[in-house]
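Structure record follows, encoded as structure tokens.
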Amino acid sequence: METKDYYRWAERAARWGADYLKTLRQRPVRARVKPGEVASRLPISPPEQGEAMEAIFADFERLVPDAMTHWQHPRFFAYFPANAAPVSMVAEQLCAVMAAQCMLWQTSPAATEMETRMVDWMRQALGLPEGFAGLIQDSATTSTVCALLTIRERALDFRGNEEGLAGTGQLRVYASPQNHSSIDKAVRISGIGQQNLVKVATDESWALDPVALRAAIEQDLAEGMIPAGVVLCIGGTSLGASDRLHETIAIAHEYNLYVHVDAAWAGSAMICPELRGLWEGVEAADSLVFNPHKWLGAQFDCTIQFLREPEMQVKTLGLQPDYLKTLGESDITNYSEWTIPLGRRFRALKLWFLLRAHGLEDLRQRMRNHIAWAEEAAEQLARCEGFRITSPCHLSLFTFQFVPDGTDADAMTRALLVSVNDDGRTYLTQTTLDGRFVIRFQVGQFECTRDDVRDAVAAITELAKQLQRPSV
Ligand SMILES: *Cc1c(COP(=O)(O)O)cnc(C)c1O
């Protein structure tokens with residue numbers, strides 16, 4: 001394709017996209033392909049000669065959309081959402097055309113300065129105090145790895161980077177079992193080691209138990225280990241559980257431990273002032289991550305990591321070889337020094353478009369609706385015979401089991417989930433709760449309506465009845 005043909009094909013893509021979004025509700029939510037099916041339709045080797053765009057585009061339409069799970073489907077209630085407000089898609093198109101690489105201020109002044117401003121807009125939107133700065137990353141996982149590396153270097157007085165980890169003492173990090181597996185990944189990558197991630201007991205509401213935290217730190221100190229950091233969660237992935245930040249951060253700081261808070265999903269909801277009790281005490285966190293690409297509506301990928309003292313992370317991760325120095329400028333920010341990769345995408349633009357086009361009030365209303373509709377769905381299911389709510393709504397996430405009298409709860413619940421997802425009207429995923437197989441139901445898709453939630457509940461109960469019928 002020649003540059004002169006760009007308009008024609010971009011227009012064709014936009015037309016395809018508009019039609020896709022308009023007809024999403026009619027598609028099954030989850031892809032209906034078997035592993036290997038798509039690969040079997042792709043040529044084994046690359047073409048030697050260029051092909052016509054007509055053929056490429058036709059193959060895209062033939063091979064791709066039906067083999068995708070539709071995250072923007074209004075009846076997507078699985079995992080957490082990965083919302084893309086259409087306005088953020090438009091911003092992404094513009095980024096794609098400029099194909100900006102935003103590693104340094106000099107390589108992309110608008111991207112750098114807009115990133116600073118968007119992070120501060122979000123700081124205000126979430127009700128965080130002045131003083132938090134931050135950056136836009138690709139994922140919560142990357143942000144958590146950055147935080148764990150900072151935890152490591154801070155505890156080692158910044159010697160780990162220079163001397164390596166052999167011969168240092170045994171660093172310890174504390175978190176509850178409700179934390180996401182990205183914390184496990186980060187302690188592995190940072191060289192702290194899985195065995196040194198202490199999974200602290202939780203209380204009856206699945207929040208980290210402060211008494212157990214203190215006891216674990218004391219025990220490690222007594223054994224000559226080096227307590228280094230605490231990772232807390234607000235809105236855990238499994239059940240939506242949250243730690244009590246005020247109390248636990250105070251204990252962590254009493255022992256001079258660095259605190260990283262993972263609010264990847266629930267953070268977006270903190271634009272609603274009435275929900276902020278959930279993370280009371282957050283202003284004392286050293287590092288805080290949340291994903292505007294989940295509930296808020298900024299197209300994937302868009303993660304914000306806030307830092308109370310960015311210097312700590314920059315000291316851990318920043319390098320300035322001669323070929324990356326910006327001559328003649330000293331008072332500039334180069335965000336690549338705050339994170340792992342050098343190259344960076346222009347992620348602030350879609351946030352700017354999103355926040356301006358919708359305004360905080362519209363985004364708040366969507367979340368308030370999602371929470372109210374999730375509560376309705378939980379009440380409705382609780383009234384249906386054989387259904388049991390296993391964890392209540394945390395924001396817009398609850399879990400349930402399907403246990404008609406005298407049946408095996410795990411087996412029946414699993415059978416219902418398979419049946420619901422094969423049916424296609426909605427899409428749900430599972431987790432384990434105290435060893436039991438439970439189904440998660442989270443409401444948060446950007447275009448979802450109350451009817452979509454009700455239709456999903458109707459589909460679930462209808463399929464459950466079919467499962468109960470004696471087989472013929
Ligand atoms: C989604 C999620 C993550 C992982 O997010 P990525 O941006 O995909 O790395 C981590 N923690 C929590 C609580 C999450 O919900």
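Indexing begins at 1, ligand by ligand and atom by atom, following the structure's order. Given the structure is predicted, the values throughout are model-derived calculations rather than measurements.
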Side chain, backbone, both or neither: which part of T141 comes within less than 4.0 Å of ligand 1 when only heavy atoms are counted?
both

Test of understanding: given a 4.0 Å heavy-atom threshold, classify the contact between T142 and ligand 1 as side chain, backbone, both, or neither.
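Neither; nothing of T142 gets under 4.0 Å from ligand 1.
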
List every atom of ligand 1 that sits less than 4.0 Å from any heavy atom of [X], numbering the atoms from 1 in the order shown and giving each element.
X: T237; result: 12 (C), 13 (C), 14 (C), 15 (O)
X: H293; result: 7 (O)
X: S139; result: 6 (P), 7 (O), 9 (O)
X: A264; result: 2 (C), 3 (C), 10 (C), 11 (N), 12 (C), 13 (C), 14 (C), 15 (O)
X: F80; result: 15 (O)
X: S182; result: 10 (C)

For ligand 1, is there an N or O atom under 3.5 Å from any N or O atom of N291?
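Such a contact does occur with ligand 1.
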
Y20 and side chain to side chain donor-acceptor pair (under 3.5 Å): which partner among Q72, H70, R27?
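Output: one option passes, namely H70.
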
If we only count heavy atoms from C-beta on, is the D209 to T202 side-chain gap below 4.5 Å?
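A side-chain contact under 4.5 Å is absent here.
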
Could you tell me if [Y] and [X] have a donor-acceptor pair between their side chains, going purely by distance under 3.5 Å?
X: W295; Y: H370; result: yes
X: W105; Y: E113; result: yes
X: Q178; Y: S238; result: no
X: D286; Y: H253; result: yes

Where is the nearest protein heavy atom to [atom]: which residue, which atom, and how far?
atom: atom 4 (C) of ligand 1; value: H180 CE1, 3.5 Å
atom: atom 6 (P) of ligand 1; value: A140 N, 3.5 Å
atom: atom 11 (N) of ligand 1; value: D262 OD2, 2.6 Å
atom: atom 2 (C) of ligand 1; value: K294 NZ, 2.3 Å

Test side-chain contact (heavy atoms from CB on, under 4.5 Å) applied to M225 - qualifying residues, sequence neighbours left out:
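With sequence neighbours excluded, M225 shows a side-chain contact (heavy atoms from CB on, under 4.5 Å) to Q170, R172, D220, E223, given in chain and number order.
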
Sequence neighbours left out, what passes side chain to side chain donor-acceptor pair (under 3.5 Å) with R244? Give chain and number order.
D203, E247

Take atom OH of Y79 as the centre, draw a 6.0 Å sphere, and report whether it contains more than 12 heavy atoms from other residues, nucleotides or ligands.
no

